[in-house]
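Below is one structure, written out as structure tokens, with a few remarks after it.
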Protein chains: 2
Amino acid sequence: MSEQDTKERILDAAEQRFARDGFHGTSLRAITAEAGANLAAVNYHFGSKETLMAAVIDRRLAPLNRRRSECLEAVAAAARKENRPPDVRGVLRAFIQPTLDFRGSCPGAEAFVTLVGRALVQPDDTLRVFFQKRMEPVVTRLFESLAAALPALPRQVLFWRLHFMLGAMSHTLCWIDRAGRAAPAGLEPSADAETLSDLLLDFLTAGMESTS
Amino acid sequence: MSEQDTKERILDAAEQRFARDGFHGTSLRAITAEAGANLAAVNYHFGSKETLMAAVIDRRLAPLNRRRSECLEAVAAAARKENRPPDVRGVLRAFIQPTLDFRGSCPGAEAFVTLVGRALVQPDDTLRVFFQKRMEPVVTRLFESLAAALPALPRQVLFWRLHFMLGAMSHTLCWIDRAGRAAPAGLEPSADAETLSDLLLDFLTAGMESTS
DNA sequence: GTCTATATGCCGATAGAC
DNA sequence: GTCTATCGGCATATAGAC
């Protein structure tokens, strides 16, 4: 039970709880109880509840966004090489696929993805600003790639479409594991990652390319 | 300062606070302070914090969903009369337009719409279930209208597309008044209701009609 | 119907022993 | 680095005067 073990167990438990009950709905006591750690350990290792949340986000978001940037760069490079604009679906996939892949990559990632989905609409200012700062570089890169793929589209329109896309995506991430419960008529939601990725890309690509 | 005045002032204040800080992030003290009412008045008039939230939602959601149902029914009736399927854009507009119209219809509606946008991803189970129950009839109606407009589309696919649409919409409702701050390069977001409605309908209609 | 006063409990954070 | 014990505060909810 070394220092790092405790620290990581707290991060794991916090990830689960924050995703399930939200920031304000989760107490440090609930987190430490689930982690089998002492209440004081949180402040010792992380300083405060807010910095704990920041650490939870950073641990997973940094590598995820690195992967997203790599994929976006690969799509852009391929387009440059062939001297053509990148294709919309390829750009969108470069942003979305790493997220869905990541979901199955390690235990806890599922909860984290829910957390990310919620962070976009979180009321708490501190956390939202923190999260936005971490997302800004890769979102800017996504915006520029889409602008290159859709040169005729006014940037204001693209800006809003990007918002629509992020909304569809974050909502999906939040609901991916309980969409079945909301099915209107006994529909099997069939939420395997690959199918869902295709469905989302079909929808978003068409929306992005809309000319009406 | 009759009974109803106090009750409504509490509802107004709660609407603002819940929308800004979330359910768990808002205290009854903050609400009653803003309403100029006494703390005990909340429990007297509403019973508990949760039932207060339910009252906040009900006050506006009931007429809003009535209007949505009327619009959806009007589109369906027009299609029946001309013996053709309804058009996708018309169905989507029947659901979306009342929401955006409502935003400007009375003071406080803005905050309520933000609240509704967030309710879809709210972590709290009680509130989410409550909200879903209130939305279920009109969402089912929307689903059936879209199914009629897109007879070739498998219902499972439509189910997910409906989720994507609700996500794009709720995210937009949450960000409508602060999307400008996230603009990547000094873009004017130009968020007037009519333009935004058209942009959203362009995007969603194309996504719904996608055949790839 | 509205108030004051208070019951009761959980919250985040910290001091200090080991 | 981990623990116990506790501080000070704010939470929801209620009892009872007016």
Side-chain angles (χ1 to χ4, degrees), chain A residues 1-59 115 119 122-130, chain B residues 1-59 115 118 122-130:
Chain A
M1 208 173 280
S2 75
E3 170 194 351
Q4 193 158 4
D5 281 342
T6 299
K7 227 176 144 173
E8 289 230 338
R9 281 204 324 277
I10 290 175
L11 282 173
D12 290 340
E15 186 172 60
Q16 294 289 333
R17 292 285 181 157
F18 283 146
R20 208 187 58 189
D21 304 324
F23 181 74
H24 290 293
T26 303
S27 71
L28 293 183
R29 283 170 170 83
I31 291 169
T32 51
E34 187 172 309
N38 189 274
L39 172 63
V42 170
N43 279 354
Y44 176 78
H45 286 291
F46 300 98
S48 74
K49 189 182 180 183
E50 267 195 5
T51 23
L52 170 60
M53 175 59 121
V56 167
I57 293 177
D58 262 343
R59 177 175 65 153
L115 197 64
Q122 203 125 35
D124 189 276
D125 243 29
T126 319
L127 291 176
R128 205 184 44 240
V129 168
F130 171 86
Chain B
M1 206 173 280
S2 77
E3 169 193 355
Q4 192 158 4
D5 282 341
T6 299
K7 227 176 146 174
E8 289 231 336
R9 281 202 325 275
I10 290 175
L11 282 173
D12 290 339
E15 185 171 60
Q16 294 288 335
R17 293 286 182 156
F18 283 147
R20 209 188 57 189
D21 304 324
F23 182 72
H24 290 295
T26 303
S27 71
L28 294 181
R29 282 173 165 81
I31 292 169
T32 50
E34 187 171 308
N38 188 273
L39 173 63
V42 170
N43 278 348
Y44 175 77
H45 287 292
F46 301 97
S48 74
K49 189 183 180 183
E50 266 195 6
T51 28
L52 170 60
M53 175 59 122
V56 166
I57 292 177
D58 262 344
R59 178 175 63 153
L115 198 65
R118 276 199 191 118
Q122 204 126 35
D124 189 276
D125 243 30
T126 319
L127 291 176
R128 204 186 44 242
V129 168
F130 172 86

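Each chain gets a letter, A, B and so on, in the order the sequences are listed, and its residues count up from 1.
Look at OH on Tyr44(A): it is 21 Å from P on dG12(C), rounded to the nearest Å. Rounded to a whole Å, the CD1 atom of Ile31(A) is 11 Å from the C1' atom of dG12(C). Nucleotide dC3(C) holds its C1' atom 14 Å from the CG atom of Asn43(B), rounded to whole Å.
Residues passing the side-chain hydrogen bond (donor to acceptor under 3.5 Å, both in side chains) test with Asp58(B), sequence neighbours excluded: Arg134(B). Listed by chain and residue number, Arg9(A), Ile10(A), Ala13(A), Ala37(A) satisfy the side chain to side chain contact (heavy atoms under 4.5 Å, CB included) test with Ala35(A) (two or more places apart in sequence, or in another chain). By the side chain to side chain contact (heavy atoms under 4.5 Å, CB included) test, Ala119(A) is found to be paired with Gln122(A), Phe131(A), residues two or more places apart in sequence or in another chain being considered. With sequence neighbours excluded, the residues satisfying side chain to side chain contact (heavy atoms under 4.5 Å, CB included) with Ala30(A) are Arg17(A), Ser27(A). Partners of Thr51(A) according to the side chain to side chain contact (heavy atoms under 4.5 Å, CB included) rule, which considers only residues two or more places apart in sequence or in another chain, are Ser48(A). Partners of Arg59(B) by salt bridge (charged side-chain N to carboxylate O under 4.0 Å, His left out), not counting sequence neighbours, listed by chain and number: Asp12(B), Glu15(B).
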Check nucleotides 5-11 of chain C against the protein and report each pair of N or O atoms closer than 3.5 Å, with its distance, or say if there are none.
{"residue": "dC11(C)", "atom": "OP1", "partner": "Ser27(A)", "partner atom": "OG", "Å": "3.0"}

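Put simply, His24(B) has no side-chain N or O that comes within less than 4.0 Å of OP1 or OP2 on dA11(D). Distances shown here put a side-chain N or O of Thr6(A) below 4.0 Å from the OP1 or OP2 atom of dT2(D).
Applying the salt bridge (Lys or Arg N to Asp or Glu O under 4.0 Å) definition to pairs two or more places apart or across chains, none involves residues 43-55 of chain A.
A pairwise comparison of heavy atoms in Pro123(B) and Asp21(A) identifies CB-C, 3.7 Å as the closest pair.
Summary for the helix from dG1(C)-dC18(D) to dC18(C)-dG1(D): the axes at its two ends, each from 5 pairs, differ by 0° when rounded to the nearest 10 degrees.
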